[in-house]
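Contents: one structure, followed by commentary.
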Number of protein chains: 2
Amino acid sequence: MRYHRGVASRTATELVHPDRKELRFTEVMAALSDPVRLAIVARLAAEPDGELACTTFALPVSKSTQSGHFKALRESGVIHQRDEGTRRLNRLRRDDLDARFPGLLDLAIVQGRNVIDGWSTRKRP
Amino acid sequence: MRYHRGVASRTATELVHPDRKELRFTEVMAALSDPVRLAIVARLAAEPDGELACTTFALPVSKSTQSGHFKALRESGVIHQRDEGTRRLNRLRRDDLDARFPGLLDLAIVQGRNVIDGWSTRKRP
DNA sequence: AATCATGTTCAGGATTTCCGAACATAGCAC
DNA sequence: GTGCTATGTTCGGAAATCCTGAACATGATT
């Protein structure tokens, strides 16, 4: 996958990840102002080895919307993504976020857990 | 001002302020994901007595847009507004925010100062 | 009563967000 | 190899949001 085209397909279309210095507070905040994205963040934080494929999240939105959410998290610098075969693996950029905006990620993780809890308790009565 | 109408004009149209318990993380984050609103927050934090009228901010956006930004901050619970004569006075809801989302407001204040500094250094060369 | 100062609301265009449908690629069965 | 499946992405259009100038509303001041 990854939609490489033509001759350059071996190297083309690398995933763009902003450098630590280029993280923008307003963009990170916007990325973390959505329940689905908070849930993703909390889920990643709970993972011991820290890498998860997109499918494993069981989110209550469509596939294309998921794709958009992961893209938003990546472009704002909240997560790092890399391709392995047909899967795209996600991990939190904890070091970078803690360095630039100390405390913010921890807050988001707590709130993301709340979102997930809300889903499990309110969706199966 | 305040657009009270008809008979009930003495008591009508109170400014709505969410209670501390009803603050939503996603909405507060969205409110704090805009440079203009961050600047407002930082400016309020720097004020000793903590109350400022909307005009005193000298923001680089139109009056109607300012109005919208203050409304967004109020409805999300970041600021409290009260009317005094023809002016609308704003103050930070620091206690409520610190109680619910400890550390978040301090981060926003720092970043809001950066925004303001960016304006002063980049707009008058 | 006229005017000013301070903010709000409205209508419109420009920008996001969501979804289903179609598409692209890797890996596997045969 | 040829299909088939699993995993994600992109596209197009509907619904919701953001920005602005213009018109409005009301308290204060002359």
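Below, chain A is the first sequence line, B the second, and so on; all start at residue 1.
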Measure CD/A/E75 against C1'/D/dT9 and give the value in whole Å, please. 13 Å
Side chain B/S64 and base D/dG21 donor-acceptor under 3.5 Å: yes
When the distance from CZ of A/R88 to P of D/dT10 is rounded to whole Å, what number comes out? 8 Å
Compute whether any side-chain donor of one residue and acceptor of the other, for A/H69 and A/R37, lie under 3.5 angstrom apart. yes
Take atom CG of A/D83 and atom P of C/dA24, then tell me their distance rounded to the nearest Å. 17 Å
To check you understand the geometry: which heavy-atom pair defines the closest contact between A/L32 and A/V41, and what is its length? CD2-CG2, 4.0 Å
OP1 or OP2 of C/dT8 less than 4.0 angstrom from a side-chain nitrogen or oxygen of B/S67, does that happen here? yes
So do the side chains of B/M29 and A/L104 get within less than 4.5 Å of each other, counting heavy atoms only? yes
Could you tell me the separation between the CZ atom of A/R100 and the CD atom of A/E22, rounded to the nearest 0.5 Å? 9.5 Å
Nucleotides 13-18 of chain C: which of its N/O atoms have a protein N/O under 3.5 Å away?
none

Assert: residue with more 5' nearest nucleotide on DNA chain D, out of A/K71 and B/Q66, is A/K71
What's the spacing between B/R94 CZ and B/D106 CG if we round to 0.5 Å? 5.5 Å
To the nearest 0.5 Å, tell me how far A/E84 CD sits from A/L89 CG. 5.0 Å
Just call it for B/K63: base, sugar-phosphate, or nothing, with non-hydrogen atoms closer than 4.0 Å on any strand. base
Which of parallel (below 30°), tilted (30 to 60°) and perpendicular (above 60°) describes A/F70 and A/F57? perpendicular
Any side-chain N or O of A/R87 under 4.0 Å from OP1/OP2 of C/dT25? no
Take the protein atom CZ of A/R74 and the nucleotide atom C1' of D/dT9, then report the distance between them rounded to whole Å. 10 Å
How many Å lie between CG on B/L15 and P on C/dG7, as a whole number? 12 Å
Distance check needed: D/dT7 P versus A/F57 CZ, whole Å only. 14 Å
